[in-house]
K.L.:
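Dumping the structure here so I can ask a few things about it.
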Amino acid sequence: MANGNTSLRERLSEATDKLASSSFVESVLRPGSPFKKGYSDSPRNRSYVIMNNVLYHLHPVKVKRHGVKLSYTLCLGGLSFFLFILLTITGIFLMFYYAPTVENAYTDVAALSTSVAFGSLVRNMHRWGAHLMVLVVFLHMSRVFYHGAYKPPREFNWVVGVILLLLTLLLSFTGYLLPWDQLALWAVTVGTNMAGFVPVFGAQVKFALLAGAEVTAGTILRWYVLHVLFFPFIIVLFMAVHFWRVRKDGGISGPL
Amino acid sequence: MADIPEDLLRRSAEAKAKALGLPVEQVLAEMKGEAPPTPPEPAKAAPAPEPAKAAPAPEPAASEPVTEPEPVAPEAPAAPAPVAAPATAAADVDVDELLKKAAAAGGLPESLVKRSAEAKAKSLGVPVATILAEMAGEEAPAAAAAPSAAPAPAQSQPAPAPAPAAAAPAAAQEVAAPAAVAVEDKPAAPSSNGGSNGSANGAKAAMVSPRPVAPDANVPEGVRTQRLLTVVKARAIQQVKADPTDKVNTWPHLMIAEFTALLAMTAFVILLSVILQAPLLEQANFNATPNPSKAPWYFLGLQELLSYFDPQIAGVTVPTIIGLVGFMMIPYVDRNPSTKPSDRKFAIMLYTIFLTGSATLTIIGVLFRGEGFNFAYPWRDGIFFDDLKDWVNFE
């Protein structure tokens, strides 16, 4: 400006320009990033946005036009993955305030509502998100079935998907016990009683699940580790295979 | 030729000098002088010295169809076939001049023209100079007419199909029908545009030098006079063919849809969590068994089955054999390749039965089971499902 005073907006844009052209930002952003200075919307740059991005692991540069239609996939697979991320974030938050012991578990969960900022909200999000994830994964499977999207060359990815559904159920079920209230205890009792009917190994399976003949103090630690470490680890491995196969098997399946 | 690295130029010059029996300096001097007459496209295309510039990555190249025609990409300007042309050292100078002219006229790199001419000369037993003079003289009108617009297709006289494309320059030259050029065997064919050659984009193209006017040539019938002059290398190791499917860029089209779904889901979960309080009953007590005891809702269908069947069936067989193994085997059992709903009524029917069945069982288990897991009506006896406890109390 003529009188030497610059408006806030001008100073802001100057600062962002300076930041965008700094060598640090240059080193962070790969060519074609829309956050890079001088980005222009061209077919080549649209390709680069994906190709030079970690998203390239998930998406090809181009997708079939019908795949973009919301009515085809309803985004259910992507939402399953997103709910998993959401549950991981909220779950890490909850881990800060929870000790998996018979003495502490229940009071810790109760304290989330009374003495932790946003504790109640985050716990609710974790719980409803988990129910929602079971539902969304199931709907995703149904969508895939009705589209016949498990047919060659995608047979194996369907198998991986069924395993992912199983792991989702196991994740949800192991989390069910952790509040250590009456609901948790008896739901798990009923659930593991079913496992006890496994032929031949029934008793052993039940014993391994409960770390005892019935739900005990050992069960809560066991299920906690399964819930926060073991199953998430396994499910991430299978998800990686699942997403990779989606791309390698030709992307989103064709229209009906 | 300014954009060709020095070492490449040297190798080219040395090879040429060796082949022609000339001093390297002379060839180099020639090269220095010959840059202007050579048309720009072939010169640029010649040894493809900058691979990085040519194709940064396969995908964008595939998505944007190649627009710049690269008429010829000779693998190396060197190594012309050793020629038994009856030319003296003095004649070579003339040959080079003619070569320049011919190349300029044809809009082609000299090395190609030269090899073409030499091959033709050899087959006809005529001095190279004669052929070159012919090319230079006769190609002039064609070069003026055709090459600037579409060098690749218009000039090519490829052996295989596209005879119509070649028809244009041929007609301009008032020579014989182009179809005859490629496979003509009769010496009577009055064609003479032998030097004109080219290649299709990137593809392998055999360039033929058809027999020119040579009434006295003593070639027996049935001897093909066409020759493979060069095989033009493909432009990339991987030939990416643009497939006809209708595609859009992931960015922004798919990403925006996904991001919207993500935001909507986040909003939904937060809204749900604000409205509905997750249940937390009294502390776990081994001595107080609630009535009824219910599993999480996604297992309630199974628990419902348990009340009808033997635990061995409902608790084990159904979930593991049917639920797990059966579902995994679906793609291997259903070998019907069609994805059309009208072609797979049976499969759809089965799945729909499963879907409605499990939904019904789950709903019964959630809402219609009361104390002692006996039937109950939710409007009369209340809801015995603690996951919904606070939701029901909300208001």
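Just so we're on the same page: letters track the sequence lines, and every chain starts at 1.
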K.L.:
Kindly list each side-chain donor-acceptor pair under 3.5 angstrom involving residues 262-276 of chain B, sequence neighbours excluded, with atom names and distances?
P.N.:
unit_1: B:T266; atom_1: OG1; unit_2: B:L262; atom_2: O; d: 2.7
unit_1: B:S273; atom_1: OG; unit_2: A:M125; atom_2: N; d: 3.1
unit_1: B:S273; atom_1: OG; unit_2: B:V269; atom_2: O; d: 2.7

K.L.:
Would you indicate whether the side-chain heavy atoms of A:N45 and B:W251 approach each other to under 4.5 Å?
P.N.:
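No, their side chains stay 4.5 Å or more apart.
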
K.L.:
For residues 290-297 of chain B, please give each side-chain donor-acceptor pair under 3.5 Å, one per line with the distance, not counting sequence neighbours.
P.N.:
unit_1: B:N291; atom_1: OD1; unit_2: B:G372; atom_2: N; d: 2.6
unit_1: B:S293; atom_1: OG; unit_2: B:P290; atom_2: O; d: 3.1
unit_1: B:K294; atom_1: NZ; unit_2: B:G365; atom_2: O; d: 2.8
unit_1: B:K294; atom_1: NZ; unit_2: B:V366; atom_2: O; d: 3.0
unit_1: B:K294; atom_1: NZ; unit_2: B:R369; atom_2: O; d: 3.0
unit_1: B:K294; atom_1: NZ; unit_2: B:F384; atom_2: O; d: 2.6
unit_1: B:W297; atom_1: NE1; unit_2: A:H131; atom_2: ND1; d: 2.9

K.L.:
First locate atom CD of B:E258, then atom NE2 of A:H59, and finally report the distance between them rounded to the nearest 0.5 Å.
P.N.:
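So the CD of B:E258 and the NE2 of A:H59 are separated by 3.0 Å.
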
K.L.:
When rounded to the nearest 0.5 angstrom, what distance separates NZ in A:K64 from CG in B:L254?
P.N.:
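Taking NZ in A:K64 and CG in B:L254, the distance rounds to 12.5 Å.
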
K.L.:
Of all of A:L55, A:L183, A:I50, A:D41, which one pairs up most often with chain B through heavy atoms under 4.5 Å apart?
P.N.:
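Ranked by contacts with chain B, first place is A:L183.
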
K.L.:
Measure distances from B:F286 to the heavy atoms of chain A and classify the residue's part below 4.5 Å as side chain, backbone, both or neither.
P.N.:
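The answer is both parts of B:F286.
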
K.L.:
Who among A:K151, A:R127, A:K69 has the most heavy-atom pairs with chain B under 4.5 Å?
P.N.:
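Heavy-atom pairs under 4.5 Å are most numerous for A:K151.
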
K.L.:
Contact between A:Y146 and B:L355 at the side-chain level, heavy atoms closer than 4.5 Å - yes or no?
P.N.:
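A:Y146 vs B:L355: side chains touch.
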
K.L.:
Counting heavy-atom pairs under 4.5 Å with chain A, which one of B:P252, B:P337, B:G323 comes out on top?
P.N.:
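Most heavy-atom pairs within the cutoff with chain A belong to B:P252.
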
K.L.:
Do A:L185 and B:Q283 come within less than 4.5 Å of each other through their side chains, counting heavy atoms only?
P.N.:
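No, side chains not in contact.
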
K.L.:
Which one wins on heavy-atom pair count under 4.5 Å against chain B: A:M141, A:Q182, A:H126, A:E214?
P.N.:
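Of the options given, most contacts go to A:Q182.
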
K.L.:
Taking A:H147's backbone N and O only, do any of them form a donor-acceptor pair with B:T339's side chain (distance below 3.5 Å, no angle check)?
P.N.:
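No.
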
K.L.:
Evaluate the side-chain proximity of A:S113 to B:Q277: yes if any heavy-atom separation is below 4.5 Å, no if none is.
P.N.:
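Of all side-chain heavy-atom pairs linking A:S113 with B:Q277, at least one is under 4.5 Å.
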
K.L.:
Would you mind checking which part of A:I85 comes under 4.5 Å of any heavy atom in chain B, side chain (CB onward), backbone (N, CA, C, O), both or neither?
P.N.:
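When you check distances to chain B, no heavy atom of A:I85 falls under 4.5 Å.
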
K.L.:
With a 4.5 angstrom heavy-atom cut-off, could you sort out which part of A:L169 is near chain B: side chain, backbone, both or neither?
P.N.:
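The answer is both parts of A:L169.
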
K.L.:
For the residue pair B:Y332 and A:Y150, establish whether any side-chain heavy-atom pair is separated by less than 4.5 Å.
P.N.:
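Contact flag for B:Y332/A:Y150 side chains = no.
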
K.L.:
Could you tell me which portion of B:F299 (side chain, backbone, both or neither) has an atom closer than 4.5 angstrom to a non-hydrogen atom of chain A?
P.N.:
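For B:F299, the contact with chain A is made by backbone and side chain together.
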
K.L.:
Which of the residues A:G129, A:S142, A:C75, A:P152 is involved in the greatest number of heavy-atom pairs with chain B at under 4.5 angstrom?
P.N.:
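Top count of heavy-atom pairs under 4.5 Å with chain B: A:S142.
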
K.L.:
Does A:F201, at its CZ atom, have more than 12 non-hydrogen atoms belonging to other residues, nucleotides or ligands within less than 6.0 Å?
P.N.:
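No, CZ of A:F201 has 12 or fewer neighbouring heavy atoms, counting only those of other groups under 6.0 Å.
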
K.L.:
Search all heavy atoms of A:S47 against all heavy atoms of B:N249 and return the closest pair with its distance.
P.N.:
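Taking every non-hydrogen atom into account, OG-OD1, 4.0 Å.
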
K.L.:
Of the backbone (N, CA, C, O) and the side chain (C-beta and beyond), which part of B:S342 lies under 4.5 Å from a heavy atom of chain A, both, or neither?
P.N.:
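Neither part.
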
K.L.:
Select one option (side chain, backbone, both, neither) describing which atoms of A:L121 are under 4.5 Å from chain B's heavy atoms.
P.N.:
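Both backbone and side chain.
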
K.L.:
Which atoms of B:M255 are under 4.5 Å from chain A, going by heavy atoms: the side chain, the backbone, both sets, or neither?
P.N.:
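Contact with chain A is through the side chain of B:M255 alone.
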
K.L.:
Can you tell which part of B:T289 gets under 4.5 Å to a heavy atom of chain A, answering side chain, backbone, both or neither?
P.N.:
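Interface part for B:T289: both.
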
K.L.:
Got a second to check how far B:L280's CG is from A:W180's CH2, nearest 0.5 Å?
P.N.:
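The CG atom of B:L280 sits 13.5 Å away from the CH2 atom of A:W180.
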
K.L.:
For the candidates B:I256, B:I348, B:L306, B:T260, which exhibits the highest count of non-hydrogen atom pairs separated by less than 4.5 Å from chain A?
P.N.:
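Among B:I256, B:I348, B:L306, B:T260, the one with the most close pairs to chain A is B:I348.
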
K.L.:
Which atom pair, heavy atoms only, marks the closest approach of A:W128 to B:P279?
P.N.:
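The answer is CH2-CD, 4.3 Å.
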
K.L.:
Please check if atom OH in B:Y377 has more than 12 non-hydrogen atoms from other residues, nucleotides or ligands closer than 6.0 Å.
P.N.:
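No, not enclosed.
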
K.L.:
Using non-hydrogen atoms and a 4.5 Å limit, figure out which bit of A:V63 sits close to chain B: side chain, backbone, both or neither.
P.N.:
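Contact with chain B involves both backbone and side-chain atoms of A:V63.
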
K.L.:
Relative to chain A, which segment of B:L324 carries a heavy atom at a distance below 4.5 Å: side chain, backbone, both, or neither?
P.N.:
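For B:L324, heavy atoms of backbone and side chain both lie under 4.5 Å from chain A.
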
K.L.:
Return the option, out of A:F138, A:W158, A:Y176, A:F145, with the maximum number of heavy-atom pairs under 4.5 Å with chain B.
P.N.:
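With the most close heavy-atom pairs to chain B, the winner is A:F145.
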
K.L.:
I need the residue from B:A261, B:A257, B:A288 with the largest number of non-hydrogen atom pairs under 4.5 Å to chain A.
P.N.:
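Greatest number of close heavy-atom pairs with chain A: B:A288.
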
K.L.:
Out of A:V215, A:T189, A:V188, return the one with the most heavy atom pairs under 4.5 angstrom to chain B.
P.N.:
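Heavy-atom pairs under 4.5 Å are most numerous for A:V215.
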
K.L.:
Hey, what do you get for OG1 (A:T168) to OH (B:Y298), rounding to the nearest 0.5 Å?
P.N.:
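If I round to the nearest 0.5 Å, the distance is 10.0 Å.
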
K.L.:
Identify which part of A:A110 has an atom lying under 4.5 Å from any heavy atom of chain B, answering side chain, backbone, both or neither.
P.N.:
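It is both, since atoms from each part get that close.
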
K.L.:
Report yes if the side chains of A:R154 and B:P331 come closer than 4.5 Å at any heavy-atom pair, otherwise no.
P.N.:
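When only atoms from C-beta onward are counted, B:P331 and A:R154 do not touch, as no gap falls below 4.5 Å.
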
K.L.:
Answer with side chain, backbone, both or neither: which region of B:N336 has an atom nearer than 4.5 Å to a non-hydrogen atom of chain A?
P.N.:
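For B:N336, the contact with chain A is made by backbone and side chain together.
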
